[in-house]
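Keep in mind that the numbers below use all heavy atoms, side chains included, and drop hydrogens, waters and symmetry copies.
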Amino acid sequence: MENEKLLAKNLFDYSRTIAKPLLETVDYPWEALPKISEFIIELGKTLDPEIYEQRGENVWVAKSAKIFDSAYLGGPLIICEDAEIRQCAFIRGNAIVGRGAVVGNSTELKNSILFDGVQTPHYNYIGDSILGYKSHTGAGVITSNLKSDKSLVTVLCDGEKVDTNVKKFGAMLGDHVEVGCNSVLNPGSVIGRNTNIYPLSFVRGYVPENSIYKRLGEVAEKIE
């Protein structure tokens, strides 16, 4: 039985990402993670050369994007129009950076999709994750993507564990999610749309949409 709260279509507006064709092939968002690399390689071949330029093997960068010289760009990778990749950003590959998105100084990114308008601006680690439209991670936010015992990740939702069948799974942030500074999103974190995570929070499992999550794991209130 499907868990409606965890479905990708209930977390994201697909029109806000170049990865729409990939996400439309899955039910749960983490099912897209193993497919990101191949999707980028095939999509990159079709990108308009008037808009994108190829920088090395399987790396496509929009000509309007701002890339600082000290940033590292590893493929497969697509950086969309008007994105900004700041000083010492480390993109390890299998990544899509959406239109107008920001990958900030000393931020590490791998096997992830950033929707349009996403901001990961300061000392973040984003691994095996999908960040929805205009979601934002405060300074020092980490998506922890591997359990200490290396077992397959499950998502705790309404007291039940949902199997993902993947070993590496950081976080799925719905559209317009705000994550406060120095929070840790543990493996299998799924945050519903329009939710705010307090600074210094320790997050695991599903957090409902339109809510405020306090640092001790308490959903404080619904946002009207």
Self-check item: Side chain Asn194, main chain Asn210, donor-acceptor under 3.5 Å
Solution: no
Practice problem: Group every Ile, Leu, Val, Met, Phe, Trp and Tyr by side-chain heavy-atom contacts under 4.5 Å, then state whether Tyr72 and Leu77 land in the same group. | Solution: no
Quiz item: Minimum heavy-atom separation for Ser135 to Gly174, with atom names?
Solution: CB-O, 3.9 Å
Self-check item: Which atom of Cys157 lies closest to which atom of Asn3, heavy atoms considered
Solution: SG-ND2, 3.5 Å
Exercise. Look at Arg86 together with Glu84 and state whether they make a salt bridge at an N to O cut-off of under 4.0 Å.
Key: yes
Quiz prompt | Side-chain heavy atoms of Leu185 within contact of Leu173, under 4.5 Å | solution = yes
Quiz item: Are the side chain of Ser129 and the backbone N or O of Gly127 linked by a donor-acceptor pair below 3.5 Å?
Solution: yes
Quiz item: Hey, does Pro21 have a side-chain heavy atom less than 4.5 Å from the side chain of Phe39?
Solution: yes
Quiz prompt | Single-linkage hydrophobic cluster Val97~Ile51, side-chain heavy atoms < 4.5 angstrom | solution = yes
Self-check item: Pairwise distance CG(Leu22) to CD(Glu24) - rounded to 0.5 angstrom
Solution: 9.5 Å
Self-check item: Gln54, CD: over 12 other non-hydrogen atoms inside 6.0 angstrom
Solution: yes
Quiz item: Is there a path from Val103 to Tyr125 through hydrophobic residues (I, L, V, M, F, W, Y) whose side chains come within less than 4.5 Å of each other?
Solution: no
Quiz item: Near Asp69 CG, under 6.0 Å, is it more than 12 heavy atoms from other residues, nucleotides or ligands?
Solution: no
Quiz item: Tell me, do Asn10 and Lys5 make a side-chain contact under 4.5 Å, heavy atoms counted?
Solution: no
Quiz item: Looking at Tyr52 versus Trp60, is the centre-to-centre ring distance below 6.0 Å?
Solution: no
Exercise. Return the minimal non-hydrogen interatomic distance between Val26 and Ala32, and the atom names on each side.
Key: CG1-N, 3.9 Å
Self-check item: Least distance between heavy atoms, Leu11 atom then Pro29 atom
Solution: CD1-CG, 3.8 Å
Quiz item: For Met172 and Trp30, which heavy atoms make the closest approach, and how far apart are they?
Solution: CE-CA, 4.0 Å
Self-check item: Criterion side chain to side chain contact (heavy atoms under 4.5 Å, CB included) on Asp128 and Lys110, from CA distance to verdict
Solution: CA-CA 6 Å; Asp128 300 281; Lys110 57 89 65 172; 2.8 Å; yes
Quiz item: Less than 4.5 Å apart, any side-chain heavy atom of Ile113 and any of Ile36?
Solution: yes
Exercise. Answer yes or no: is there a donor N or O on one side and an acceptor on the other, between the side chain of Tyr206 and the main chain of Gly188, under 3.5 Å?
Key: no
Quiz item: Any side-chain heavy atom of Lys168 within less than 4.5 Å of one from Leu33?
Solution: no
Quiz item: Between the main-chain N or O of Ile126 and the side-chain N or O of Asn124, is there a donor-acceptor pair closer than 3.5 Å?
Solution: no
Quiz item: Between the side chain of Ser189 and the main-chain N/O of Pro187, is any donor-acceptor distance below 3.5 Å?
Solution: no
Practice problem: Examine Val184 and Val207 and state if one hydrophobic cluster contains both, with Ile, Leu, Val, Met, Phe, Trp and Tyr joined whenever side-chain heavy atoms are less than 4.5 Å apart. | Solution: no
Quiz item: Does Lys134 NZ have over 12 foreign heavy atoms under 6.0 Å away?
Solution: no
Quiz prompt | Polar side chain donor-acceptor pair, Asn105 to Tyr123, under 3.5 angstrom | solution = yes
Practice problem: Report the distance from atom CZ of Phe90 to atom CG of Leu73, rounding to the nearest 0.5 Å. | Solution: 11.0 Å
Quiz item: Is there side-chain contact between Thr164 and Tyr28, with heavy atoms separated by less than 4.5 Å?
Solution: no
Quiz item: Taking side chain as C-beta onward, heavy atoms only, is Pro76 less than 4.5 Å from Asn94?
Solution: yes
Self-check item: Between CD1 on residue Ile79 and NZ on residue Lys63, distance to nearest 0.5 Å
Solution: 15.0 Å
Quiz item: Is there side-chain contact between Ile78 and Cys80, with heavy atoms separated by less than 4.5 Å?
Solution: yes
Exercise. Give, for atom CD of Glu108 and atom CZ of Arg92, the distance between the pair rounded to the nearest 0.5 Å.
Key: 5.0 Å
Quiz item: Just checking, is any N or O donor in the side chain of Thr143 or Asn145 under 3.5 Å from an acceptor N or O on the other one?
Solution: no
Self-check item: Atom pair OG1 (Thr137) and CD (Glu178), whose distance is rounded to the nearest 0.5 Å
Solution: 9.0 Å
Exercise. Looking only at non-hydrogen atoms, find the nearest pair between Val153 and Lys167 and report the distance.
Key: CG2-O, 3.5 Å
Exercise. Consider only side-chain heavy atoms of I, L, V, M, F, W and Y, link residues closer than 4.5 Å, and tell whether Val102 and Ile18 are in one cluster.
Key: no
Exercise. Drop me the distance from Thr120's OG1 to His122's NE2, to the nearest 0.5 angstrom.
Key: 9.5 Å
Quiz item: Salt bridge between Arg16 and Asp116, side-chain N to carboxylate O under 4.0 Å?
Solution: no
Quiz item: Given Ile91, which of Leu109, Val59, Thr107 fulfils the side chain to side chain contact (heavy atoms under 4.5 Å, CB included) condition?
Solution: Leu109
Quiz item: Between Thr17 and Phe115, is there a donor-acceptor pair closer than 3.5 Å when you use the side chain of the first and the backbone of the second?
Solution: no
Quiz item: Checking Ser211 side chain against Thr195 main chain: does a donor-acceptor pair fall under 3.5 Å?
Solution: no
Quiz prompt | Residues, nucleotides or ligands: over 12 heavy atoms within 6.0 Å of Glu38 CD | solution = no
